[in-house]
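Written below as structure tokens is the structure these notes are about.
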Amino acid sequence: MKTLIIIPAYNESKNIADVVKNIRQKCPDCDYIIVNDCSTDETPVICDQSNFNHLDLCCNLGIGGGVQSGYLFAEKYGYDCAIQIDGDGQHDPAFIPEITKPIESGEADVVIGSRFIENEGFQSSGMRRFGIRFLSKLIKLVCKADVKDVTSGFRAVNRRFIEIFAHDYADDYPEPEAIVSTVLNGGKIKEIPVIMHERTGGVSSISPLKSVYYMIKVSLSILLFRITFKGGEKR
Amino acid sequence: MSIALRTSLLIGIAIYLIIILVLLRKKRLSLKYSLLWIFTGLVFFILVLFPQIVSFLAKLFGVISPVNAVFVCLIFFILLILISLTSIVSLQQKRIKSLIQHLSLLQKQLDDKTNSK
């Protein structure tokens, strides 16, 4: 199975080398691509010097557009499976074989690495867990998907959904919406327990102040996405 | 509507339509996007020619003064144009995103080729 690891990176100069080193060590069979979303720090320089496989976006597209570029790459070069992993070292590449297994066996179309199944490792703050639980309930309500860690950006996706996401992927905070999209497109989701770390360097893209705005925006967009979804649409 | 109001509205509409036509002639406005503007102008032209419509609308909306009915119509059309603008912007944003992504993929392909030589 031809597998691509998509690493969206925006100003991740402190973490990116470690992330790639980890991936090479723990999954030497997988290809990887760093999507440098027009970083303003040393990220592109590090990628060039260390000869990392990377894609430089010429304008900043945000996380959704960046990840989608990775899916476009996977679509173009015929990958069977794409894995999304954050560029900040939160996700441990050691779990990659586990989250790709259900894809390989055809058991699921999208696999999500989840913190909240065995509740091990970094669990994030109470407020955020509350928000995630709320979104999880909301998603269950609109499309009956039972996913606990809806904001997890640690995912594996099969060929069919590589093609779907390459053509339609949310812009700003795409993870919860992608779950709804998967279910509405008739895909099967499986959640697998993983252990996440607290980010090792740099700052998270979501500050506490933005969280409230995030919740409102994501909730609204999930509802609107569900209401306006056109089934069987030709892409 | 008083004669004074109708005359001033008429002059206003005339200036408005002339500006649109001049912009169209200079190719500073594409025909596709100007249609809604021109349509709005024509609707107001008809309202001025037949003020009975305004009185009727005023009664219908429960507005006391017919002038306010003119305002209501105006606001309605402005909202319509604003929504169409947002729709145009959204489409453009989608296209620009797609351009950036495909350009970057091509750039990478080119870089990889020159590097391997």
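Here is the naming used below: chain letters follow the sequence lines, and residue numbers restart at 1 for every chain.
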Worksheet item: Side chain, backbone, both or neither: which part of A:L57 has a heavy atom under 4.5 Å from chain B?
Response: both
Item to complete: Taking A:S13 for its side chain and A:T43 for its backbone only, find out whether a donor-acceptor pair lies under 3.5 Å.
Response: no
Worksheet entry | Test of ring centre spacing under 6.0 Å for A:Y169 and A:Y71 | yes
Item to complete: May I ask you to decide whether A:K14 forms a salt bridge with A:D88, counting only side-chain N to carboxylate O separations under 4.0 Å?
Response: no
Practice prompt. Taking all non-hydrogen atoms of both residues into account, name the closest pair between A:G89 and A:V19 and its distance.
Written response: N-CG2, 3.6 Å
Discussion item. Report which part of B:L103 has an atom under 4.5 Å of a heavy atom belonging to chain A: side chain, backbone, both, or neither.
Written reply: side chain
Discussion item. Shorter than 4.5 Å, heavy atoms on both sides: which option in A:D56, A:N51, A:L55 has the most such pairs with chain B?
Written reply: A:L55
